[in-house]
2 protein chains.
Amino acid sequence: MADSILVQLRKGALDLCVLAVLSKGENYGYEIASRLVAAVGMGEGTIYPLMRRMQNDGLVATRLVESSSGPPRKYYRLTPLGQSVFEAHRRDWQSFTGAVDTLLEDLP
Amino acid sequence: MADSILVQLRKGALDLCVLAVLSKGENYGYEIASRLVAAVGMGEGTIYPLMRRMQNDGLVATRLVESSSGPPRKYYRLTPLGQSVFEAHRRDWQSFTGAVDTLLEDLP
DNA sequence: ACAGGTACCTTGCATAAGCAGGTAGCTTGT
DNA sequence: ACAAGCTACCTGCTTATGCAAGGTACCTGT
């Protein structure tokens, strides 16, 4: 209840976070999840439905790669559509947080 | 659908925005709404259920003041609880946006 | 064998909260 | 009268997506 604000914020920003990670290069689900668990407190299991959605929306493409340290990894990479959606969301994020920060800044 | 990200972000941050406005001094609903409509694209009608929630939660107190330019205004002011909730949400906001911005910053 | 870490995935749940559009009353200007 | 702006408020709608918990399976170290 007390952290519902953070849950709400994540709902708006988690896509953006995943896209941001992938914009640095292809990566696999568990690693993406691990980063976002550390960075923004996302739950680990959250990544898989999210990635499936993105794949259905054509934002990412996948390939399987054998791993020497466990099961095969499913690597995701941004499609051109994913790249442009990332940039659009990024602009939205920046203008929105900019507006809120402005509100917060001019305090007595 | 395309702006759902902004709607989600607002859901997490609108309380904070209202608290931020009130932290500068008491204000009435229509004026708060006007500011936030301009600042973050909130819908005008959104303010009233929001203020009612905050009142029920003990974050704000109200008083009615006659206006010479229309109906009486209902002024809201932060309670001590509202003030501390504001500060807590503000910290949450800053740490969360800081984390996302860090993710966004180190790009090639 | 077993434990622990890596890695993928599923199911069920719980949760509202903002938005659009409309109502109504007051005041001022034409 | 009428319009326009101020001010408060309400109803109905719509919509996901994040989380917790659990499952499966592979690999390594002891």
Side-chain angles (χ1 to χ4, degrees), chain A residues 1-19 26-57 59-60 62-76 89 96 100, chain B residues 1-18 26-57 60 62-76 89 96 100:
Chain A
M1 187 84 79
D3 48 11
S4 68
I5 170 181
L6 288 175
V7 173
Q8 294 302 322
L9 289 175
R10 265 179 230 132
K11 287 201 185 193
L14 219 47
D15 287 19
L16 176 66
C17 293
V18 170
L19 293 172
E26 74 174 358
N27 212 332
Y28 58 100
Y30 188 78
E31 167 73 8
I32 300 170
S34 298
R35 286 202 193 191
L36 297 185
V37 167
V40 294
M42 181 190 73
E44 180 261 330
T46 297
I47 198 69
Y48 296 104
L50 210 178
M51 296 315 297
R52 188 168 303 278
R53 250 179 278 142
M54 288 195 174
Q55 193 172 4
N56 289 341
D57 293 346
L59 307 185
V60 297
T62 63
R63 69 188 176 104
L64 276 178
V65 176
E66 297 287 332
S67 166
S68 61
S69 67
R73 298 165 171 172
K74 186 182 275 186
Y75 275 83
Y76 298 87
H89 280 200
F96 182 78
V100 175
Chain B
M1 189 85 77
D3 48 11
S4 69
I5 169 182
L6 288 176
V7 173
Q8 294 303 322
L9 288 175
R10 263 178 231 134
K11 286 199 186 192
L14 220 46
D15 286 18
L16 175 67
C17 292
V18 171
E26 76 174 354
N27 212 331
Y28 58 100
Y30 188 79
E31 167 74 9
I32 300 170
S34 299
R35 286 202 194 191
L36 297 185
V37 167
V40 295
M42 182 189 74
E44 179 262 330
T46 298
I47 197 69
Y48 297 103
L50 209 178
M51 295 317 296
R52 189 168 302 278
R53 250 179 277 140
M54 287 195 175
Q55 193 172 4
N56 289 341
D57 293 346
V60 297
T62 64
R63 67 188 176 105
L64 274 178
V65 177
E66 296 288 331
S67 166
S68 61
S69 68
R73 297 167 172 171
K74 187 182 275 185
Y75 276 83
Y76 298 86
H89 279 201
F96 182 78
V100 174

Could you pull out all donor-acceptor pairs under 3.5 Å where a side-chain atom in residues 29-43 of chain B meets a protein atom, sequence neighbours excluded?
from    : atom 1 : to      : atom 2 : distance (Å)
B:Glu31 : OE2    : B:Arg35 : NE     : 3.3
B:Ser34 : OG     : B:Tyr30 : O      : 2.8

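- A:Gly12 comes within 4.0 angstrom of no nucleic acid atom, judged by non-hydrogen atoms across all strands.
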*asked:* Can you build the contact string for nucleotides 25-30 of chain D? Use B for base contact, S for sugar-phosphate-only contact, and - for no protein heavy atom under 4.0 Å.
replied: BBSS--

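- Rounded to the nearest 0.5 Å, atoms CG (A:Leu9) and NZ (B:Lys11) are 12.5 Å apart.
- Between the CE atom of B:Met54 and the CG atom of B:Leu50 there is a distance of 5.0 Å, given to the nearest 0.5 Å.
- Contact between the side-chain N/O atoms of B:Tyr30 and the OP1/OP2 oxygens of D:dA8 is not found at any separation under 4.0 Å.
- The distance from atom CD of A:Glu44 to atom C1' of D:dG23 is 12 Å, rounded to the nearest whole Å.
- Look at A:Arg52 and you won't find any side-chain N or O under 4.0 angstrom from OP1 or OP2 of D:dT17.
- Between A:Arg53 and D:dT17, a side-chain N or O to OP1/OP2 separation shorter than 4.0 Å is present.
- A:Tyr28 has its OH atom 7 Å from the P atom of C:dC8, to the nearest Å.
- Regarding A:Leu50, its CG atom lies at a distance of 12 Å from the C1' atom of D:dC19, rounded to whole Å.
- Between atom CZ of residue B:Arg10 and atom CD of residue B:Gln8 there is a gap of 10.5 Å, rounded to the nearest 0.5 Å.
- Note: NZ (B:Lys11) to C1' (C:dA14) measures 13 Å, nearest angstrom.
- A:Met51 places its CE atom 14 Å from the P atom of D:dT17, with the value rounded to the nearest Å.
- Taking atom CZ of A:Arg10 as the reference point, atom P of D:dG18 lies 10 Å away to the nearest angstrom.
- Counting only heavy atoms from C-beta outward, the side chains of A:Thr46 and A:Leu14 approach each other to under 4.5 Å.
- For the atom pair CZ (B:Arg52) and CD1 (B:Ile47), the distance works out to 12.5 Å, reported to the nearest 0.5 Å.
- A sub-4.0 Å separation between OP1 or OP2 of C:dC26 and a side-chain N or O of B:Arg73 is absent.
- For the pair A:Lys74 NZ and C:dC9 C1', the interatomic distance rounds to 9 Å; values are reported in whole Å.
- If you check D:dC19, C:dA16, D:dC9 against the side chain of B:Tyr48, the one that comes closest is D:dC9.
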Show every donor-acceptor pair shorter than 3.5 Å between a side-chain atom in residues 62-72 of chain B and any protein atom, with sequence neighbours excluded, or say none if there are none.
from    : atom 1 : to      : atom 2 : distance (Å)
B:Arg63 : NE     : B:Glu26 : OE1    : 3.2
B:Arg63 : NE     : B:Glu26 : OE2    : 3.2
B:Arg63 : NH2    : B:Glu26 : OE2    : 2.3
B:Ser67 : OG     : B:Ser69 : N      : 3.0
B:Ser67 : OG     : B:Ser69 : OG     : 3.3

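- For A:Ile47 and D:dA20, the CD1 to C1' distance is 16 Å, given to the nearest whole Å.
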